[in-house]
Amino acid sequence: MKEYIKSRLEALVSELFGLNLPPAKIEKPRNESLGDLASNVSFLIAKELKKNPQDIAQTIAKTLCKDDAFEEVTPVKGFLNFKFSEGFLLREFENLLKLGEDFFKEDLGKEERLQIEFVSANPTGPLHLGHGRGAVVGDVLARVLSFFGYKITREYYVNDTGRQVYLLGVSILYRYLQLSGSDCSDLKGVFEKEGYKGEYILEIASLLREHVGDLLLSSEGVLKARDILLSACFPFPLNYTALFKPFKDPQIELCSVFGLDFLMGEIRKDLSSLGVSFDIWFSERKLYEKRDVDKLLKNLKDFLYEKEGALWLRTSAFGDDKDRVLRKSDGTYTYFASDIAYHRNKYLRGFKKVINLWGADHHGYIPRVRAALKMLKIPEDWLEIYLIQMVRLFKEGREIKMSKRAGNFVTLRELIEEVGPDAVRFVFLTKRSDTPLDFDVDKVKEKSSENPVFYVQYAHARISGIFREFKNKWKVDPEEENFLPFLKYLNAEDEIKLIKKVLLMKDELKEAALSREPHIITYLLIDLASSFHSFYNRYRIVSGNREITSARIALLKGIRTALRLGLKLIGVSAPEKM
RNA sequence: GGGCCCGUAGCUCAGCUGGACAGAGCAGGGGAUUUCUAAUCCCCAGGUCGGAGGUUCGAGUCCUCCCGGGCCCGCCA
């Protein structure tokens, strides 16, 4: 719809004034009674022409109102207000019925390869709510962009190396030794200070003990323990354990790899219960094994220097507050080093664009990554970064705090189990992802208008119910019947309004894709559901009049197409009955 | 101290790159059911858009300062 107006304006502005169309806004006017869409073109070209915006608007309107797509084009205080004609709307709606969801499609991506990296939570504990939000936002972004013709790769960066993985091993071994009643004083200091204290560590430790008994009490038993684990049956794959080679601290090391396997299994399980999947699980370890980090340092050699035994990168010359360490004085690399290597790796894989969703606490990290990419001569707009703000959980009016240190989690899994994946997904999309979100568990469990998930799903179920009634009464299958000849009976103001709402969704969905704001879709759905519920209460759909009934069923079919598409894009089910 | 985000109706928030009289939902008040699902709908009430300046034909939207709140500032990841 917007496209249509834009193309008309473009032609007219060059024809009437010999100008190119400036990036004019075409949007809904404040007040519906003014028109369906409005544009501010006249203001934008007024300066250049040294003319009054109202006069310009008038000139444009005079020509445009001859177009039969418009019932009227009115200039008001310089604005151009467009009101579509019924004929145009019905023609478009007919297209929608013929094409189904493809009506809303547009090839924006042209098969362009685009990568979205999201979640990427460290495999040292269960996923929490913030991760879940990132998972949903990333997944929906991927769905929407695929819908608009991009070739999307969904990727999870697995931080499977470094100190945190060592600490995971220490924590598990410590608990294992405790469970065995043996001496664990060597590890106590590290564990108390930096170890992971959540209950899941105990779970892993006792699972280990169950299978390998006392074998891990000494380093001699480690290889045997590994073989026992590999031949045992677990509900998760032993990718890391299979690669285990005993070298330094073999007991800790085995605990680390087994812990990684266990936790990655849990993470995959949680994500899949949310309906989120990945194409690639990218291992940080592999970057080191494939010497990507070493190669990176060669590429960055002009910007490196040594100080106090460490290797520094001169990021401050590219907009960062200060320089950053790549190789610590103990010879190991920082997370930042492998992360740049990872971004370089993505670039070399040929993605046209890369979207990163990070936890909001990473915002200070952005300048140094951007600085490094500049050094590598990677174009600035190649990388898009969006921050996912935290989620606070409320229950019975009180916030439920989570504390990592105390090992108190409100895990994603607990939430999914309590309210179901549909509600979790929907609520995570009710606000822009860069603002904090409060999740009220009680409201989401309510079956009322306070609960937007049910509100939208109910609209879909209601339409399904009406279709059942229609089939029952008129002995006609609404799925098979050709309703196009009946569209002409749709002429009540409320019916036309609904048609417009559905048709305009096309522009809004596109907007959601381009601005990377999937939460727009939930607002669209709520709005459409609300219009439908209102219509339902005012009009009888299945009546004794064949023409009007058929026309309204056709209208509902269009609404259903839009509801289903919206729900599909946000990954929420569209129930036939509730 | 520096950086990022936020402050819109009693509460939770929309308001897109400045545009036409500031919008929803909830809570509050009043109504609608011999129904195609009331998990719904309709009506009412409620705001000096944190404060002060500035830019502009025009500012909730941009700039500066101030007040209030959150997050981040490791040779951690």
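FYI, side chains are in, hydrogens and waters are out, and symmetry mates aren't considered; it's all heavy atoms of this structure. Quick caveat: nothing in here was measured; it's all calculated off a predicted structure. Lettering of chains follows the sequences in order, A, B, ..., and the numbering in each one begins at 1.
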*Would you kindly compare A:Phe79 and A:Thr332 by the position of their nearest RNA chain B nucleotide and give the one closer to the 5′ end?*
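The residue whose closest nucleotide sits nearer the 5' end is A:Phe79.
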*Earlier contact from the 5' end, RNA chain B, for A:Asp323 and A:Arg468*: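 Of the two residues, A:Arg468 wins.
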_Which residues pass the salt bridge (Lys or Arg N to Asp or Glu O under 4.0 Å) test with A:Asp294, not counting sequence neighbours?_
A:Arg291
*Just jot down the salt bridge (Lys or Arg N to Asp or Glu O under 4.0 Å) partners of A:Glu481, sequence neighbours excluded, or say none.*
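With neighbours one apart ignored, the set is A:Arg546.
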*Do A:Ser534 side-chain and B:C41 base share a donor-acceptor contact under 3.5 Å?*
no
*Has the side chain of A:Glu308 got a donor or acceptor that lies under 3.5 Å from a partner of the other kind on the base of B:C75?*
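Pair found.
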In whole angstrom, give me the gap between the [atom1] atoms of [N] and [M].
{"N": "B:G53", "M": "B:A14", "atom1": "P", "value": "28 Å"}
{"N": "B:U64", "M": "B:G2", "atom1": "P", "value": "14 Å"}
{"N": "B:G30", "M": "B:G46", "atom1": "C1'", "value": "16 Å"}
{"N": "B:C16", "M": "B:U61", "atom1": "C1'", "value": "10 Å"}
{"N": "B:A77", "M": "B:A27", "atom1": "P", "value": "49 Å"}
{"N": "B:U33", "M": "B:A39", "atom1": "P", "value": "15 Å"}
{"N": "B:A22", "M": "B:C49", "atom1": "C1'", "value": "7 Å"}
{"N": "B:G50", "M": "B:G69", "atom1": "C1'", "value": "11 Å"}

*Tell me, which stems hold RNA chain B, with a stem being 3 or more Watson-Crick or G-U pairs in a row and both distances under 3.5 Å?*
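Result, WC/G-U stems under 3.5 Å: B:1-7 with B:67-73, B:10-13 with B:23-26, B:28-32 with B:40-44, B:50-54 with B:62-66.
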Spacing between [X] atom [atom1] and [N] atom [atom2], to the nearest angstrom:
{"X": "A:Phe454", "N": "B:G25", "atom1": "CZ", "atom2": "C1'", "result": "17 Å"}
{"X": "A:Gln457", "N": "B:A39", "atom1": "CD", "atom2": "C1'", "result": "11 Å"}
{"X": "A:Ile526", "N": "B:U40", "atom1": "CD1", "atom2": "C1'", "result": "15 Å"}
{"X": "A:Ile388", "N": "B:G70", "atom1": "CD1", "atom2": "C1'", "result": "17 Å"}
{"X": "A:Leu326", "N": "B:A77", "atom1": "CG", "atom2": "C1'", "result": "15 Å"}
{"X": "A:Phe426", "N": "B:A39", "atom1": "CZ", "atom2": "C1'", "result": "14 Å"}
{"X": "A:Lys501", "N": "B:A24", "atom1": "NZ", "atom2": "C1'", "result": "12 Å"}
{"X": "A:Phe82", "N": "B:A20", "atom1": "CZ", "atom2": "P", "result": "17 Å"}

Please list, one pair per line, the donor and acceptor atoms closer than 3.5 Å that link side chains of residues 469-478 of chain A to other protein atoms, with sequence neighbours excluded.
| unit_1 | atom_1 | unit_2 | atom_2 | d |
| --- | --- | --- | --- | --- |
| A:Trp474 | NE1 | A:Ser543 | O | 3.4 |
| A:Lys475 | NZ | A:Asn472 | O | 2.8 |
| A:Asp477 | OD1 | A:Glu479 | N | 2.9 |

Using ring pair (Phe, Tyr, Trp, His ring centres under 6.0 Å) as the criterion, list what pairs up with [X], not counting sequence neighbours.
{"X": "A:Tyr458", "result": "A:His533"}
{"X": "A:Tyr166", "result": "none"}
{"X": "A:Phe486", "result": "none"}
{"X": "A:Tyr536", "result": "none"}

What contact category does [X] fall into here, base, sugar-phosphate, or nothing, at under 4.0 angstrom with non-hydrogen atoms?
{"X": "A:Ser329", "result": "base"}
{"X": "A:Lys471", "result": "nothing"}
{"X": "A:Asn81", "result": "base"}
{"X": "A:Glu511", "result": "base"}
{"X": "A:Ala38", "result": "base"}

*asked:* For residues 540-562 of chain A, which residue pairs pass the ring pair (Phe, Tyr, Trp, His ring centres under 6.0 Å) check, not counting sequence neighbours?
replied: none
*On the 0 to 90° scale, with breaks at 30° and 60°, tag the A:Tyr305-A:Trp312 ring pair as parallel, tilted or perpendicular.*
parallel
_Ring-face cation contact, A:Phe191 with A:Lys197, 6.0 Å cut, 45° max_ = yes
*Would you indicate, yes or no, if B:C75 has its OP1 or OP2 atom less than 4.0 angstrom from a side-chain nitrogen or oxygen of A:Tyr335?*
no
*Verify the contact: side-chain N or O of A:Lys328 to OP1 or OP2 of B:A77, cut-off strictly under 4.0 Å; return yes or no.*
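Yes, within the criterion.
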_Flag if over 12 foreign heavy atoms under 6.0 Å of NZ, A:Lys286_ = no
*From B:U40, B:C75, B:A77, pick the nucleotide closest to the side chain of A:His533?*
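Nucleotide nearest to A:His533's side chain: B:U40.
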*With respect to the side chain of A:Tyr455, which nucleotide from B:C41, B:A20, B:A39 is positioned closest?*
B:C41
Collect all protein-nucleotide pairs involving nucleotides 4-14 of chain B in which both atoms are nitrogen or oxygen and the distance is under 3.5 Å.
| unit_1 | atom_1 | unit_2 | atom_2 | d |
| --- | --- | --- | --- | --- |
| B:C13 | OP1 | A:Lys431 | NZ | 2.8 |

*Which atom of A:Phe428 lies closest to which atom of A:Leu129, heavy atoms considered*: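 In this case the closest contact between A:Phe428 and A:Leu129 is CZ-O, 3.7 Å.
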Hey, what are the protein-to-nucleotides 28-36 of chain B N/O distances that come in under 3.5 Å?
| unit_1 | atom_1 | unit_2 | atom_2 | d |
| --- | --- | --- | --- | --- |
| B:U35 | O2 | A:Tyr536 | OH | 3.1 |
| B:C36 | O4' | A:Arg540 | NH2 | 3.2 |
| B:C36 | O2 | A:Val542 | N | 2.9 |
| B:C36 | N3 | A:Ile541 | N | 2.8 |
| B:C36 | N4 | A:Tyr536 | O | 3.0 |
| B:C36 | N4 | A:Tyr539 | O | 2.3 |

*Partners of A:Glu493 by side-chain contact (heavy atoms from CB on, under 4.5 Å), sequence neighbours excluded?*
none
*Salt bridge A:Arg432-A:Glu517, side-chain N to carboxylate O under 4.0 Å*: yes
